[in-house]
Amino acid sequence: MILAPLPFPSDAAGWADFVTERRADRIARVHGIDARLTSETALTTAERLELWNDADIALAEALSEAYVVSEAHPDAEVRDIAESQVQAVESLSAARLLNRDLWKSFADASAEGLDDDQARLLTHLLRDFRRGGVELEAADRERARQLADRDTALSLAFSRNIRDGRREITVPVDGLAGMPQDFIDAHPADEHGRVTLSTDYPDLMPIRDYAHERATRVALVNAYNDLAWPENDAILAELLEVRAERARLLGYPDWADYETETRMIGAGAEIPAFLSRLDDASRAATDAEYPILLERLRRDVPDADEVSIADFWYLLGAIKREQYDVDAQLVRSYFPFERVVAGVLEVTGRLLDVEYVSVDVPAWHADVQSFDVVRGGDRLGRIHLDLHPREGKFSHAACFPLAPGVSGRVLPEAALLCNFSRGLLEHDEVVTFFHEFGHLVHDILGGRQRFARFSGVATEWDFVEAPSQLLEEWAWDAEVLASFSANADGEPIPADLVERMRTADAFGRALEVRRQLGHANVSYHLHVDRPADLQAETERLYAASSPVQPLHGLHSYAGFGHLTGYGACYYTYQWSLVIARDLLSGFAAGLMDSEAARRYRTEVLERGGSRDAQDLVEAFLGRPSSFEAYRRWLSGE
């Protein structure tokens, strides 16, 4: 059976109807399914699970389509309409898990005769009902519904304010000293001799890396760290209280315990224990690295008494240039945007035995490039790349599902929303592209599941980043980079330069882990402790987590988008990195080793969420995952 991709509108006027009419159709379908589940008592358990799967498909389609449009459509009115559809679908999903008649249709059903996939779905479904609050008394069930709806509304508002919170500053022309010439050419001075810079990534990241003038770096990072403030201050405070009340109502000590029940880590108390392990593992290298940064800063600012986050990337670049002979401006000259896109497609195509076939189809913006993912003439899915910043668009880099892959029924589709320059890319951006593309291929290759509940990246949430973090390694391989990089003379990046880049990358690695430790501590402690003064406590947590200090008096939590989706669990990034460094050992014969790639594809990516993550890892490695590879990586061994 040939599955059809999503039928996007061919004209701008059709997008509002696209998200409203398709959502209405799917919600009507779900209501019909629920009526059958609660009235047709003769249904077998297997038949009930198939019906629930039908509803899962409908809800996932409606939610994913509306969510992407809300984050990416150029028309603010369409984004607002789509956001309201997201709210409606999320509300229905939460209400279904509070419906006792629906619950009883599964709680009272016999598990006898179910195969492994069906039994797994039933187990997860009953857990979802319990976590939704279905076993509570009527008044508490209603309160649980209200809290779930409020969580969704606050989370959407928080994200919207970040998306719309772009800031600009102006600096004198000499404030661009040290910047690449193409950056200077793209930022002409106005009639007052000043240059406008924005918090968009194509401005922010080069300024952080190259601006000699500390005042320029500090001014732009200041603006970025106050993104969505003060709008998100009250929103976040309420969100933290809503989540705490939800957790207590559902029988959990705090929101971290609620979230971790379904994750590899297993319990909220394990988060600070894991973070303490990261603290211990990174301390010695951090103690060696930080004085080098401070000494280098004092060459420019003799009376400096601390390295701030506005200095961090600039100093790393200076040290790597001066001590390791790695000039980031030279490195970026090998990575024109178009070559990077083609390279990521070609490399991952070879690795995963797929071909990306460009398709000329309508999308939400002219920037979007769409491709069918094909193997042996069989279309496995469709991807959409939306890679440049614009007003009102999601302002970071992430993969968004569009259609949940279900074998024989729904073609998997997903989109990347990123904010890359149209010119030369920093090597960090190349790494980011590989990372996000890892989510994309996981979603597509894992999109041939029997049940939508386990499609694509639907693994435990603290495993989700591991495949993407693994794919980052391909952005550090000399042969891989040489296959698509080229400078203005058409020359690929030299292998000896890549080797120096790899050596230099080890410096500052522990400090970067400490920066991530700060994010994880903020994520966890804001949710668990719910401080009265969000600004003071966030600043204290960052200051305590790393010797590289936050800029004082700012409100970075207001623009910390992961506080909604990741909640108390930003630890996920380092937890999954431990796994990713271990998965890399399966490619001991080389990153493009076809046998290792085949095993990884079939045992990890193509399984989606149909198995527990620890089983996926063990199936590929032939053993349980270990902390040792991460420890060696962190120490530069």
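Since we're looking at a predicted model, the values are computed, not measured.
A heavy-atom distance below 4.5 Å is not found between the side chains of Thr432 and Glu472. The shortest distance between side-chain heavy atoms of Ile383 and Glu413 does not fall below 4.5 Å. When side chains are defined from C-beta on, Leu352 counts as touching Leu605, because their heavy atoms get closer than 4.5 Å. Inter-residue side-chain proximity for Ser468 and Glu436 is flagged as unmet; no heavy-atom pair is nearer than 4.5 Å. With a 4.5 Å cut-off on side-chain heavy atoms, Val354 and Ile444 do not count as touching. Put simply, the side chain of Arg120 does not reach to within 4.5 Å of the side chain of Phe451, judged on heavy atoms.
The number of heavy-atom neighbours closer than 6.0 Å to CG of Asp116, taken from other residues, nucleotides and ligands shown, is 12 or below. Counting heavy-atom neighbours within 6.0 Å of Glu137 CD, excluding the residue itself, gives a total of 12 or less.
Side chains of His435 and Glu465: a donor-acceptor N/O pair is present below 3.5 angstrom, by distance only. Side-chain atoms of Glu460 and Thr262 form no donor-acceptor pair, as typed in the model, at a separation below 3.5 Å.
A search for salt bridge (charged side-chain N to carboxylate O under 4.0 Å, His left out) contacts involving Asp108 returns nothing, not counting sequence neighbours. Considering only residues two or more places apart in sequence or on other chains, Glu21 meets the side chain to side chain donor-acceptor pair (under 3.5 Å) condition with none of them. In this view, Phe106 and Trp52 satisfy the ring-ring contact (aromatic ring centres under 6.0 Å, His included) rule, not counting sequence neighbours. Taking Asp279 as the reference, Arg283, Arg514 meet the side chain to side chain donor-acceptor pair (under 3.5 Å) condition, with sequence neighbours excluded. Looking at residues two or more places apart in sequence or on another chain, you find a side chain to side chain donor-acceptor pair (under 3.5 Å) between Arg131 and Glu261.
Annotation: Phe371 is not in aromatic contact with His384 [ring centroid separation under 6.0 Å not met]. Proximity of the aromatic rings of Tyr524 and Tyr570 is defined here by a centroid distance below 6.0 angstrom, and this criterion is not met. Less than 6.0 angstrom separates the ring centroid of Trp461 from the ring centroid of Tyr566. Taking the centre of each ring, Tyr573 and His519 stay at or above the 6.0 Å mark. If you look at Trp364 and Phe18, their ring centroids are not closer than 6.0 Å.
Without hydrogens or angle criteria, Arg448 side chain to Val406 main chain gives no donor-acceptor distance under 3.5 Å. Put simply, the side chain of Ser455 never gets that close to the backbone of Gln449: no donor and acceptor are under 3.5 Å apart.
Salt bridge Arg623/Glu618: absent, no basic N to carboxylate O contact under 4.0 Å. Ion pair Arg22/Glu61 not flagged as a salt bridge, since none of the NZ, NE, NH1 or NH2 atoms sits closer than 4.0 Å to an Asp/Glu carboxylate oxygen. Contact check on Arg450 versus Asp115 returns a salt bridge, with a Lys/Arg side-chain nitrogen under 4.0 Å from an Asp/Glu carboxylate oxygen. Look at Arg160 and Glu83 and you find a salt bridge, because one of the NZ, NE, NH1 or NH2 atoms lies within 4.0 Å of a carboxylate O, short of that distance. Between Asp372 and Arg379 there is a salt bridge, since a side-chain N of the basic residue sits under 4.0 Å from a carboxylate O of the acidic one.
Rounding to the nearest 0.5 Å places CD of Glu603 at 8.5 Å from CG of Leu616. Note that the CZ atom of Arg143 and the CD atom of Glu245 stand 4.0 Å from one another [nearest 0.5 Å]. Atom CZ of Arg601 sits about 12.0 Å away from atom CZ of Phe620, to the nearest 0.5 Å. If you take NE2 on His442 and CD on Glu606, they are separated by 10.0 Å, rounding to the nearest 0.5 Å. Annotation: the span from Arg263 atom CZ to Glu270 atom CD amounts to 14.5 Å, rounded to 0.5 Å. Taken from OG1 in Thr20 to CH2 in Trp15, the straight-line distance is 12.5 Å, to the nearest 0.5 Å.
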Counting only pairs under 3.5 Å, give me each side-chain donor-acceptor contact of residues 149-156, with atom names and distances, residues two or more places apart or in other chains.
| residue | atom | partner | partner atom | Å |
| --- | --- | --- | --- | --- |
| Asp149 | OD1 | Ser91 | OG | 3.1 |
| Asp149 | OD2 | Ser91 | OG | 3.2 |
| Asp149 | OD2 | Arg145 | NH1 | 3.0 |
| Arg150 | NE | Glu238 | OE2 | 2.7 |
| Arg150 | NH2 | Glu238 | OE1 | 3.0 |
| Arg150 | NH2 | Glu238 | OE2 | 3.3 |
| Asp151 | OD1 | Ser155 | OG | 3.1 |
| Asp151 | OD1 | Arg243 | NH2 | 3.4 |
| Asp151 | OD2 | Arg243 | NE | 3.0 |
| Asp151 | OD2 | Arg246 | NH1 | 3.2 |
| Thr152 | OG1 | Ala148 | O | 3.2 |
| Ser155 | OG | Asp151 | O | 2.9 |

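Of all the heavy atoms in Ala466 and Leu583, the pair that sits closest is CB-CD1, 4.5 Å. Arg100 and Leu136 make their closest contact through NH2-O, 2.7 Å (heavy atoms, listed as atom of the first residue, atom of the second, distance). Here the closest heavy-atom approach between residue Ser625 and residue Val617 is recorded as CB-CG1, 3.7 Å. For the pair Asp582 and Ser585, the tightest heavy-atom approach, listed with the atom from each and the gap, is O-OG, 2.5 Å.
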Going through the checks in order, is the side-chain contact (heavy atoms from CB on, under 4.5 Å) test met by Asp386 and Leu416?
-> CA-CA 6 Å; Asp386 186 353; Leu416 284 193; over 6 Å; no
Residues Gln574, Tyr630; criterion side-chain hydrogen bond (donor to acceptor under 3.5 Å, both in side chains); working and verdict = CA-CA 9 Å; Gln574 291 302 303; Tyr630 176 87; 2.7 Å; yes
CA sep, side-chain torsions, deciding dist, call: Asn232, Ile162, side-chain contact (heavy atoms from CB on, under 4.5 Å) | CA-CA 8 Å; Asn232 274 349; Ile162 296 173; 3.7 Å; yes
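Relative to the six-membered ring of Phe627, Arg277 meets both conditions, a distance below 6.0 Å and an angle of at most 45° to the axis.
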